[in-house]
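Read the structure below first, then the notes.
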Amino acid sequence: MSTANGLNLTLKVWRQKNDKVKGQMETYQVSDISPDSSFLEMMDILNEKLINDGGDPVAFDHDCREGICGSCSMYINGEAHGPGREITTCQLHMREFKNGETIYIEPWRAKAFPVIKDLVVDRGAFDRIMAAGGFVSVNTSGNTQDANAIPIPKADADKAFDAATCIGCGACVASCKNSSAMLFVSAKVSQFALLPQGKVEAKERVLNMVQQMDDEGFGNCSNTGACEVECPKGISLDNIARMNREYMSASFTADKK
Amino acid sequence: MSWLKQTFTSSIGRKFAMALSALFLVIFLLQHFIINFTSVLSEKTFNEISHFMGTNVLVQFALQPVLIFGVIYHFVMGFVLEIKNRNARAIKYAMNKGSENSTWFSRNMIYSGFVIFLFLCLHFYDFWIPEISHKYIEVLPEDSTRYFGEMVEKFHDPLRVGLYALSFVFLSLHLMHGFQSAFQSVGARHSKYTPAIKKLGTLYAIIIPAGFIFIALYHHLTAL
């Protein structure tokens, strides 16, 4: 059923069969899109149309559709997760766009995030960085101490929690002109480094995670601050400064060679 | 790989070293400006300070090599990092709105830096090479009163004054981001003082380059 304020849009979408072949931008038309629908619902409508027409639907990552999982990685009209601040693509609504507008939809662009298909990228680099040190080793002997029994200053707990809200979506990498992963890694370093449980392994953690980050081929931070602006969880550049301090201090004092 | 090499070839180590060289250059630029500014106030004072800087053993053989190393490191590493960063994104976005999330200054440090590099080539050709030649190659007799005249002579040429002024505009653009960025890179960030550092950076980025332009124009105009 057609609605009075339905949007007619031109979509320019990155299409790429797999990681072996080159991709290109393809143009599609969608019509009568409700301004109340989410961006992903609009993509669903496009895909239904493509399937009905016998075409190949656009592959894109999505899961929770409530801004928690960090799956929906789309670079929309020149910004990670499109216009709007502190939102993921699933929280972006079509009311942000004008009737007749052309919308560019691209995958995260970074060598460390190779395209798997269309808008889906492999963010396994983040998993490998986490595996390099983004954890607290716990003795699972059966008499593990209750974390709540350890006194933690409220200010530190708040900062650690703020850092831990990072959902690892990769918008920081996508937005950074250098494809740097510093905001993600610094959030993960900070969420542990600020807490007594994490301090035990803090030096090795930061050295190993930064080493893995560099090995993955992410670029270098030049403090433009684009990551902080585009981060759906508002992770602060304070974390990058903390990681810089932690890393340099650990380099000179850690036992690890 | 030794731990030191590992540290200073890591992404954080490199930016830490970039920031240290930048902070050193910021301090150097301030003292250079103060000395140059004395030329507007007193020919005699300018000559005296210039002679001291040009002949003092500590300045010549301890600080000058550090300065040269700092300048070369900052430029070479700036370009090395730029190449690495460009390589980190093989395919560019068809549509990218950098202005929505970052300043023009921060995104174009390589271009403002390149103009400063070209300026330094001219500046070395104008002052540093003749000075080194005077002292160490031709070994001309010491003259503690020659500096003011040599400088004023360079600013006779309006084209040179124009090039200097243009270069200082780019220096200002570079400092608009670079000053506060250096503090962030060394981890000096706190809600107590970061706003003050940002304000100080903006003031420095305006006052120092504007001051250098004023000095060049002053000597050009007073010699007419």
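In this text, all values refer to a predicted model and were calculated from it rather than measured experimentally. Letters A, B, ... mirror the listed sequences (proteins, then strands); counts begin at 1.
Of all the listed residues (B:I91, B:N87, B:N85), the one sharing the greatest number of non-hydrogen pairs under 4.5 Å with chain A is B:N85. Contact tally against chain B (heavy-atom pairs below 4.5 Å) for A:D238, A:I240, A:V115: the top residue is A:D238. The residue among A:R245, A:R109, A:K111 with the most heavy atom pairs within less than 4.5 Å of chain B is A:R109.
Residues of residues 177-201 of chain B having a heavy atom under 4.5 Å from any heavy atom of chain A, listed by number: B:H177, B:S181, B:Q184, B:S185, B:V186, B:G187, B:R189. Residues of residues 11-39 of chain B having a heavy atom under 4.5 Å from any heavy atom of chain A, listed by number: B:S11, B:I12, B:G13, B:K15, B:F16. Near-neighbour residues of residues 98-106 of chain B relative to chain A, defined by a heavy atom under 4.5 Å from a heavy atom of that chain, comprise B:E100, B:N101, B:S102, B:S106. Proximity to chain B among residues 219-236 of chain A is limited to A:G219, A:N220, A:C221, A:S222, A:N223, A:T224, A:G225, A:A226, A:E228, A:V229, A:E230, A:S236, judged by heavy-atom separations below 4.5 angstrom.
By the neighbour-count criterion of 12 heavy atoms within 6.0 Å, atom OH of B:Y125 is sparsely surrounded, having that number or fewer from other residues, nucleotides or ligands.
With hydrogens and angles disregarded, a donor-acceptor distance shorter than 3.5 Å links the side chain of B:Y93 to the backbone of A:A174.
To the nearest 0.5 Å, atom CG of residue B:N96 and atom OH of residue A:Y75 are 3.5 Å apart. Taking CG of B:L4 as the reference point, atom OG of A:S251 lies at 9.0 Å (rounded to 0.5 Å). Taking CZ of A:F218 as the start and NZ of B:K84 as the end, the distance is 14.5 Å to the nearest 0.5 Å.
Residues A:E106 and B:M95 are in side-chain contact: their nearest non-hydrogen atoms beyond the backbone lie under 4.5 Å apart.
With a 4.5 angstrom heavy-atom cutoff, A:V173 touches chain B only via backbone atoms.
The nearest pair of heavy atoms linking B:Q6 to A:Y247 is O-OH, 4.0 Å.
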